[in-house]
Amino acid sequence: MAATYLLVFIGFLLIIFGIVYFKGKQSKEEPVEDVLARLSQEEQTLYKMALKPENVSHTFIYALSTCHHCKKTREFLDEHQIPYTLIYIDNYPKQLYKILLEKLKVYNPRGSYPTIRLVNGQIITGFREQALREALLK
């Protein structure tokens, strides 16, 4: 019986310790400006474009570096010589990734990949070859 109380007490202490530890880690996040300043100029430019893709003069793609559908989309656009800008949001630090994901969800609430924003504002989600053909190969 005493062993059970001891285990419950230890479990309780571990939970309290975990909460305190992880809250402390969250509050120590660097300001976004500092994180952004450590990126290369190209990464900074892509990040800024991703926040305002409506200002990009060609197709803009939110993608993941490990996504098969993102790769197929790139191959399709390359094959048809369609200019695009692509950002792999998973290559960005956590604070910036969260911001990019929120921006992507403005265009695609499901947050799926790739999320493609055409110049005319049309959004295509996933690699849908027929939709890409109809929208881009007129």
key: Note: Arg133-Glu129 ion pair, threshold 4.0 Å (strictly below)   = yes
note = Heavy atoms of Lys105 and Gly111 approach each other most closely as CG-CA, 4.2 Å
message = Pair Tyr107, Glu54 - check side-chain hydrogen bond (donor to acceptor under 3.5 Å, both in side chains), show working.
response = CA-CA 11 Å; Tyr107 300 109; Glu54 58 275 3; 2.8 Å; yes
message = Can you give me the closest heavy-atom contact between Ser112 and Thr125, atom names plus distance?
response = OG-CB, 4.1 Å
query = Can you get from Leu36 to Leu101 by hopping between Ile, Leu, Val, Met, Phe, Trp and Tyr side chains that sit under 4.5 Å apart?
reply = yes
key: Gap between atom CZ of Arg38 and atom CG of Asp34 - 0.5 Å precision   = 7.5 Å
Shortest non-hydrogen contact from Tyr97 toward Ile89 = CD1-O, 3.2 Å
query = Quick one: does Leu46's side chain get under 4.5 Å of Tyr92's, heavy atoms only?
reply = yes
key: Any donor-acceptor pair under 3.5 Å from Gln44 side chain to Leu39 backbone   = yes
ask   = With Glu33, which residues qualify under side-chain hydrogen bond (donor to acceptor under 3.5 Å, both in side chains), at least two apart?
value = none
inquiry  = Restricting to non-hydrogen atoms, name the atom on Ile61 and the atom on Pro114 that form the minimum distance, rounded to 0.1 Å.
reply    = CG2-CB, 3.8 Å
message = Using a 3.5 Å distance criterion without hydrogens, assess whether the side chain of Lys72 forms a donor-acceptor pair with backbone atoms of Phe127.
response = no
message = Checking Thr115 now: which residues fulfil side-chain hydrogen bond (donor to acceptor under 3.5 Å, both in side chains) with it, not counting sequence neighbours?
response = Asn108
message = Can you confirm whether Val32 sits close enough to Tyr47 that some side-chain heavy atom of one is under 4.5 Å from a side-chain heavy atom of the other?
response = yes
query = So, do Gln41 and Thr45 sit near enough that their side-chain heavy atoms are less than 4.5 Å apart?
reply = yes
inquiry  = Is any side-chain heavy atom of Ile87 closer than 4.5 Å to one of Tyr62?
reply    = yes
inquiry  = According to ring pair (Phe, Tyr, Trp, His ring centres under 6.0 Å), who are the partners of His80, at least two apart in sequence or on a separate chain?
reply    = Phe76
ask   = Out of curiosity, does Leu137 fall in the hydrophobic cluster containing Ile123 (side-chain heavy atoms, cut-off under 4.5 Å, transitive links)?
value = no
request  = Using a 4.5 Å cut-off on heavy atoms from C-beta on, say whether the side chain of Leu86 contacts that of Thr59.
outcome  = no
query = Do Met49 and Asn55 touch side chain to side chain, with heavy atoms closer than 4.5 Å?
reply = no
query = Do Leu100 and Leu104 have side chains that get closer than 4.5 Å, going by heavy atoms?
reply = no
ask   = For Ala50 and Lys103, which heavy atoms make the closest approach, and how far apart are they?
value = O-CG, 3.3 Å
task = Check the hydrophobic clustering (I, L, V, M, F, W, Y; side-chain heavy atoms under 4.5 Å; chains of links allowed) and say if Leu118 and Ile82 are grouped together.
result = yes
query = What is the distance from atom CG of Leu96 to atom CG of Asn91, rounded to the nearest 0.5 Å?
reply = 12.0 Å
note = Note: Ile124 and Ala135 closest approach over all heavy atoms is CD1-CB, 4.1 Å
ask   = Does NZ in Lys71 sit with more than 12 non-hydrogen atoms of other residues, nucleotides or ligands closer than 6.0 Å?
value = no
ask   = For residues Ser40 and Glu43, is any side-chain donor paired with an opposing acceptor at under 3.5 Å?
value = yes
query = Taking it one step at a time, do Lys98 and Lys94 satisfy side chain to side chain contact (heavy atoms under 4.5 Å, CB included)?
reply = CA-CA 6 Å; Lys98 288 179 188 177; Lys94 186 169 118 180; 3.7 Å; yes
